[in-house]
Structure formats: C-alpha cells, structure tokens
Amino acid sequence: AFSKSGQRVAISPGDFRGLLIAKVRESTFFVEEHILADFSCISPQWINEQTLIFAGRKEPGLQYLWKFDLQSKNLIQFTTSPIGTRNHLSLSRDGKTIVFTGTDENFEWRLWEILTDGTQLRKLTNGGNLTSHLSPVWIE
C-alpha cells in the first residue's frame, strides 16, 4: 500500500509476518524497518504518512482491525471478539472512515464501518447465510 504522497509503502511479506515499511525513491523501494513481526498482517492502508490501519492477529483465530503509529509505535486494537475482520478493508479519501468486511457472533461476513479514531462501529449490511459481503470500495 502506498501512502498518499507516494513516498512510502507498506508491504506484507510472503509469510504475512508484520509489515515492511519502505521509502520510495526513483521507482525503487528502500526498506526502513520491519514492524509488527509478531503479527499476521494484511491489507495495510495509510491514514497519513505516519499512521497505518490493517487487519491482523497475534494468534490463530479471528483477525481484528488495528491502527499503528510509526513514530510513537502506539498500537490500538479497534475491533475485539466477537467482531472479527477479513482482509478486505477500504479507507475513505479523507482518511476518517474505514469500511471493512467483518463478522459478529453469527459468522456471516458483512460490511462494517468505523471511524479512524476507533469510535462509531456499526454494521452496514445484512443478508442471508448463503451470501457474503466482501471487498468494500469507496466511490467519491
């Protein structure tokens, strides 16, 4: 995932352990650090040049939605059981809202929304057991 400036990139390594953070210079990536190596991380998105959101987990089971500040190393967990996430999330252009594929105690994959400050979690879609709602995108 490229930051909005295009000067940084967050890369999920092949084993999904953590994220590689790199600077982008003349179409080349220069890895600066490997963060969150004790996590399984997927679908990173940049809120700003210092802050990422991602789906991840530290142990087998449900993934959750997380926010990480690269400068302070502050890690905040946005969702907790029973709200698990899949690897489908989308950040609004203004960087204030995340829509993601999640499940609750019914284990039906639906679209959920949360603000990037971790407040106002709400389910956006409903449906039957035989359908899943995946891959949200913003049309702005």
Side-chain angles (χ1 to χ4, degrees):
F2 286 91
S3 66
K4 290 181 183 184
S5 72
Q7 295 178 5
R8 297 184 94 182
V9 65
I11 303 166
S12 294
D15 63 2
F16 300 107
R17 302 309 298 169
L19 295 168
L20 300 175
I21 304 300
K23 284 192 177 185
V24 180
R25 297 284 185 261
E26 299 177 14
S27 71
T28 302
F29 296 162
F30 296 95
V31 176
E32 298 177 304
E33 61 184 319
H34 184 186
I35 61 169
L36 305 166
D38 57 338
F39 272 80
S40 172
C41 298
I42 197 154
S43 301
Q45 298 283 311
W46 294 86
I47 294 174
N48 56 46
E49 293 297 309
Q50 292 298 323
T51 311
L52 290 163
I53 56 166
F54 66 95
R57 62 178 163 233
K58 279 191 165 187
E59 54 195 42
L62 290 175
Q63 291 187 131
Y64 299 107
L65 193 62
W66 302 82
K67 178 178 174 180
F68 184 71
D69 184 288
L70 290 163
Q71 190 170 9
S72 69
K73 305 302 184 205
N74 188 29
L75 177 66
I76 300 169
Q77 185 174 350
F78 279 175
T79 59
T80 59
S81 185
I83 309 299
T85 65
R86 287 190 68 173
N87 51 338
H88 306 286
L89 59 99
S90 185
L91 181 65
S92 63
R93 184 176 290 156
D94 65 7
K96 294 181 180 178
T97 308
I98 307 159
V99 175
F100 64 95
T101 299
T103 189
D104 57 18
E105 61 274 355
N106 295 322
F107 292 101
E108 297 174 347
W109 296 108
R110 301 292 174 248
L111 298 184
W112 293 71
E113 175 183 70
I114 192 168
L115 297 182
T116 54
D117 66 3
T119 63
Q120 300 186 30
L121 175 68
R122 69 184 181 110
K123 186 168 25 172
L124 297 175
T125 63
N126 293 299
N129 301 0
L130 301 177
T131 61
S132 293
H133 303 158
L134 306 173
S135 300
V137 295
W138 287 91
I139 300 174
E140 299 179 271

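Start at 1 with the first residue, then count along the sequence.
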(request) Begin with the C-alpha distance, continue with both residues' side-chain angles, and end with the deciding distance and a verdict on side-chain contact (heavy atoms from CB on, under 4.5 Å) for H34 and L20. (result) CA-CA 5 Å; H34 184 186; L20 300 175; 3.7 Å; yes
(message) If I take atom SG from residue C41 and atom CG from residue N87, how far apart are they, to the nearest 0.5 angstrom?
(response) 12.5 Å
(message) Quick check on the hydrophobic clustering: are F68 and I53 connected, directly or via other members, by side-chain heavy-atom contacts under 4.5 Å?
(response) no
(message) How long is the straight-line distance from CG of N74 back to OG1 of T51, given to the nearest 0.5 Å?
(response) 9.5 Å
(message) With clusters defined by side-chain heavy atoms of hydrophobic residues (ILVMFWY) lying less than 4.5 Å apart, directly or transitively, does I114 cluster with L89?
(response) yes
(message) Please tell me whether L70 and F2 are part of a single hydrophobic cluster in this structure, the criterion being side-chain heavy atoms less than 4.5 Å apart.
(response) no
(message) Donor-acceptor check, side chain of T103 to backbone of G84, threshold 3.5 angstrom: yes or no?
(response) no
(request) Measure the spacing between CG of D38 and CZ of R17 and express it to the nearest 0.5 Å. (result) 7.0 Å
(message) Do F29 and V24 make a side-chain contact, defined as non-hydrogen atoms from C-beta onward lying under 4.5 Å apart?
(response) yes
(message) I'd like to know if Y64 and I42 are part of one continuous hydrophobic network [Ile/Leu/Val/Met/Phe/Trp/Tyr, side-chain heavy atoms within less than 4.5 Å].
(response) no
(request) Compare every heavy atom of P44 with every heavy atom of A1, then report the nearest pair and how far apart it is. (result) CB-O, 3.1 Å
(request) Give a yes or no answer on whether the side chain of Q63 reaches the backbone of T85 with a donor-acceptor pair at less than 3.5 Å. (result) yes
(request) Hey, could you give me the CD/CD distance between Q7 and E49, rounded to the nearest 0.5 Å? (result) 6.5 Å
(message) Test your reading of the model: is there a side-chain donor-acceptor pair from S92 to the backbone of T97, 3.5 Å cut-off?
(response) yes
(message) Surrounding NZ of K4 (heavy atoms of other residues, nucleotides or ligands, distance under 6.0 Å), is the total greater than 12?
(response) yes
(request) Verify the neighbour count for atom NZ of K96: are there more than 12 heavy atoms of other residues, nucleotides or ligands below 6.0 Å? (result) no
(message) Between S90 and S135 (side chain of the first, backbone of the second, donor and acceptor by atom type, cut-off under 3.5 Å), is there such a pair?
(response) no
(request) Mark yes or no for whether S40, through its side chain, and R57, through its backbone, hold a donor-acceptor pair below 3.5 Å. (result) no
(request) Kindly compute the distance separating NE2 (H133) from NE2 (H88), expressed to the nearest 0.5 Å. (result) 12.5 Å
(message) Measuring only between side-chain heavy atoms, which start at C-beta, is I35 closer than 4.5 Å to L52?
(response) yes
(message) Would you say that Q77 contacts K67 through its side chain, given a criterion of any heavy-atom pair below 4.5 Å between the two side chains?
(response) no
(message) Show the nearest heavy-atom pair for residues G95 and I47, with the distance to one decimal.
(response) O-CG2, 3.7 Å
(request) Please check if the side chain of T101 supplies one atom and the backbone of R110 the other of a donor-acceptor pair under 3.5 Å. (result) no
(request) Hey, could you give me the CG/CZ distance between L124 and F100, rounded to the nearest 0.5 Å? (result) 8.5 Å
(request) Taking all heavy atoms of S12 and all of S43, pick out the closest pair and write down the distance. (result) OG-N, 4.4 Å
(request) Report the C-alpha separation of T116 and L91 in whole Å, then their side-chain angles, then the decisive distance to 0.1 Å, and conclude whether the side-chain contact (heavy atoms from CB on, under 4.5 Å) test is met. (result) CA-CA 9 Å; T116 54; L91 181 65; 3.6 Å; yes
(message) Are L115 and L65 linked, directly or through intermediate hydrophobic residues, by side-chain heavy-atom contacts shorter than 4.5 Å (ILVMFWY only)?
(response) no
(request) May I ask you to decide if the ring planes of W66 and F54 are parallel, tilted or perpendicular, using 30° and 60° as cut-offs? (result) parallel
(request) In plain terms, say whether E33 and K73 are close enough for a salt bridge, that is, a side-chain N and a carboxylate O under 4.0 Å apart. (result) yes
(request) Report yes if some heavy atom in the side chain of T79 is under 4.5 Å from a heavy atom in the side chain of W112; otherwise report no. (result) no
(request) Please determine if R8 forms a cation-pi arrangement with W46, meaning its NZ or CZ atom is less than 6.0 Å from the six-membered ring centre and no more than 45° off the ring axis. (result) no
